[in-house]
Amino acid sequence: MIKKIVLFVCLLSFVSCCLDYGSKEKKFKKRVLCAQRVNNDNSLFILKNGAFCCPKLPPDVNDITSAKIFYYKKALEIDNTRVDGFEALGETCWDGGRYKEAIEYFEKASELNPQNIRYKIAIVSLLRITKDYDKALKKIDEMEKINFIEKEKTLSYLKGKLLYEMKDIEGATKLLEKSRDCYEGEDNSHFLSGTPYTINDIYFYLAQCYLKNGDEQKAHQCFLIYFQKERHPDFVTIYQKALEETGGEQLLLYDEIEDLWTRTHQ
């Protein structure tokens with residue numbers, strides 16, 4: 001009899017966990033938790049069977065990025081005023097290489113919280129990645145009118161990388177050096193204006209600028225600093241691959257790393 005009661009209580013607890021009741025906040029968090037459970041192919045299989053009290057993934061959702069997007073959108077169906085939901089969608093799309101979608105979600109996050117400089121930095125970076133340079137420059141002009149911490153460092157960094165991609169190496173070098181000087185001076189945080197985005201790759205882009213201006217030694221010094229600061233394990237794998245493919249030839253090596261890593265990462 002006692003075993004039956006315990007079993008009934010456990011079953012009741014499981015069913016109540018899966019029932020969609022409670023506040024908007026509680027329902028929203030349950031969907032976000034579902035998105036966070038997506039981390040490998042096995043989790044996709046499990047969630048397609050409605051595990052963890054999550055809505056079943058549709059049959060056509062077969063990759064991690066799409067699955068996360070599915071659940072974050074489900075969360076926003078419950079409360080479409082949640083800026084953190086749009087931010088999560090933006091980051092998920094960025095990580096998954098869906099850059100134009102990421103811009104849309106960060107734009108929405110910025111509309112809901114226009115004072116948060118994080119979303120504006122993300123939008124400029126993504127516009128650069130998608131080569132929408134004119135729009136990116138306009139966004140930087142808009143940011144010029146806003147007061148925020150470490151403004152000179154951040155805007156010089158963002159615009160310097162834009163000019164680099166637009167083949168204005170001289171202009172890019174001046175702005176990136178200004179941003180680096182701010183970073184190494186009073187603004188000694190490697191984060192951009194208190195956001196999670198960092199300035200570490202400034203040394204890589206300075207290395208590229210110096211190399212394209214013919215100063216191989218100065219470029220090498222900057223690249224070594226970047227190499228020490230870039231801690232992501234995926235970067236190490238890409239660096240080793242690029243090193244093998246290029247035989248360590250400086251110009252080819254840097255271009256390969258730019259294509260495979262730095263250009264699409266912040």
Side-chain angles (χ1 to χ4, degrees), residues 20 24-114 116-132 135-136 139 158 161 191-198 200-201 230-235 237-238 259-266:
D20 232 3
K24 267 188 178 183
E25 175 73 12
K26 187 171 183 179
K27 292 178 182 178
F28 181 89
K29 285 183 175 180
K30 283 174 72 174
R31 299 296 185 270
V32 169
L33 182 59
C34 291
Q36 293 170 348
R37 289 187 184 279
V38 182
N39 49 37
N40 54 39
D41 290 340
N42 188 51
S43 64
L44 292 177
F45 174 79
I46 293 170
L47 287 163
K48 282 190 176 185
N49 290 285
F52 307 123
C53 299
C54 295
K56 285 186 179 182
L57 284 175
D60 60 338
V61 175
N62 295 306
D63 64 90
I64 290 172
T65 299
S66 297
K68 285 180 175 290
I69 290 171
F70 173 80
Y71 286 121
Y72 284 129
K73 284 185 174 179
K74 284 292 183 185
L76 286 165
E77 285 176 10
I78 294 166
D79 187 353
N80 65 1
T81 66
R82 292 291 297 256
V83 66
D84 53 339
F86 288 105
E87 179 185 323
L89 273 172
E91 293 288 357
T92 299
C93 288
W94 191 344
D95 289 342
R98 295 163 64 162
Y99 305 121
K100 290 187 177 179
E101 291 176 68
I103 292 170
E104 293 177 15
Y105 295 128
F106 278 119
E107 288 276 19
K108 184 62 179 177
S110 189
E111 288 171 14
L112 291 169
N113 188 356
N116 193 326
I117 206 69
R118 173 179 183 171
Y119 308 134
K120 301 180 191 304
I121 292 172
I123 292 166
V124 170
S125 298
L126 286 159
L127 287 169
R128 173 185 55 78
I129 290 169
T130 57
K131 300 186 178 182
D132 197 341
K135 193 175 287 186
K139 286 288 181 183
L158 292 174
K161 286 175 68 173
F191 293 108
L192 289 170
S193 297
T195 72
Y197 303 125
T198 71
N200 291 338
D201 69 357
E230 181 55 86
R231 300 291 185 180
H232 199 291
D234 289 347
F235 167 74
T237 302
I238 285 172
D259 288 341
L260 296 176
W261 182 257
T262 55
R263 190 174 183 279
T264 56
H265 291 73
Q266 184 62 53

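This chain uses plain numbering: 1 for the first residue, then up along the sequence.
- Interatomic distance, Leu57 CG to Phe45 CZ, rounded to the nearest 0.5 Å: 12.0 Å.
- Distance CG/Leu33 to CD/Gln36: 6.0 Å, rounded to 0.5 Å.
- Contact annotation: the side chain of Ile69 never approaches that of Ser66 to less than 4.5 Å [non-hydrogen atoms, C-beta and beyond].
- Side-chain atoms of Lys100 never come within 3.5 Å of backbone atoms of Thr130 as a donor-acceptor pair (strictly under, hydrogens ignored).
- Not a single side chain to side chain donor-acceptor pair (under 3.5 Å) links Tyr71 to another residue, sequence neighbours left out.
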| After noting the C-alpha distance and the side-chain angles of Leu158 and Lys139, does the key distance pass the side chain to side chain contact (heavy atoms under 4.5 Å, CB included) rule? | CA-CA 10 Å; Leu158 292 174; Lys139 286 288 181 183; over 6 Å; no
Return a table of donor-acceptor pairs under 3.5 angstrom between the side chains of residues 72-79 and protein atoms on other chains or two or more places apart.
unit_1, atom_1, unit_2, atom_2, d
Lys73, NZ, Tyr105, OH, 3.4
Asp79, OD1, Thr81, N, 3.1
Asp79, OD1, Thr81, OG1, 2.6

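- For Arg263, the salt bridge (charged side-chain N to carboxylate O under 4.0 Å, His left out) criterion is met by Glu165, not counting sequence neighbours.
- Taking Thr198 as the reference, His190, Phe191, Asn200 meet the side chain to side chain contact (heavy atoms under 4.5 Å, CB included) condition, with sequence neighbours excluded.
- Contacts classified as side-chain hydrogen bond (donor to acceptor under 3.5 Å, both in side chains) and involving residues 51-62 (residues at least two apart or in different chains) are given here: Lys48-Asn62.
- Scored by the salt bridge (charged side-chain N to carboxylate O under 4.0 Å, His left out) test, Lys29 finds Glu25 as partners (sequence neighbours excluded).
- Under the ring pair (Phe, Tyr, Trp, His ring centres under 6.0 Å) criterion, Phe70 pairs with no residue at all, not counting sequence neighbours.
- At least one donor-acceptor pair under 3.5 Å links the side chain of Thr195 to the backbone N or O of Leu192.
- In terms of heavy-atom proximity, Ala67 sits nearest to Val38 at CB-CG1, 3.7 Å.
- In this view, Cys93 satisfies the disulfide bond (SG atoms under 2.5 Å apart) rule with no residue, not counting sequence neighbours.
- Scanning for side chain to side chain donor-acceptor pair (under 3.5 Å) contacts around Gln266 gives Ser125, Tyr157, with sequence neighbours left out.
- How far CZ of Arg82 is from CG of Asn113: 12.5 Å, rounded to the nearest 0.5 Å.
- Note: Leu44 CG to Asn49 CG = 11.5 Å, rounded to the nearest 0.5 Å.
- Lys108 has its side chain out of reach of Leu89: every pair of non-hydrogen atoms, C-beta onward, lies at least 4.5 Å apart.
- Aromatic ring orientation, Phe106 versus Trp94: perpendicular (interplanar angle above 60°, classes split at 30° and 60°).
- Residues forming a salt bridge (charged side-chain N to carboxylate O under 4.0 Å, His left out) with Lys120 (at least two apart in sequence, or on another chain): none.
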| Do Tyr119 and Leu112 pass the side chain to side chain contact (heavy atoms under 4.5 Å, CB included) test, and can you show the C-alpha distance, the side-chain angles, and the key distance before you say yes or no? | CA-CA 10 Å; Tyr119 308 134; Leu112 291 169; over 6 Å; no
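- Considering only heavy atoms from C-beta on, Thr92 comes within 4.5 Å of Thr65 through its side chain.
- Within the structure, the salt bridge (Lys or Arg N to Asp or Glu O under 4.0 Å) test picks out the following pairs touching residues 89-98 (sequence neighbours left out): Glu91-Arg118, Arg98-Glu101.
- A distance of 8.0 Å separates CD1 in Ile123 from CG in Leu126, rounded to the nearest 0.5 Å.
- Summarising the geometry, atom CG belonging to Asp201 is positioned 11.0 Å from atom CH2 belonging to Trp261; distances are rounded to the nearest 0.5 Å.
- Residues meeting the salt bridge (charged side-chain N to carboxylate O under 4.0 Å, His left out) test with Glu230, sequence neighbours left out: none.
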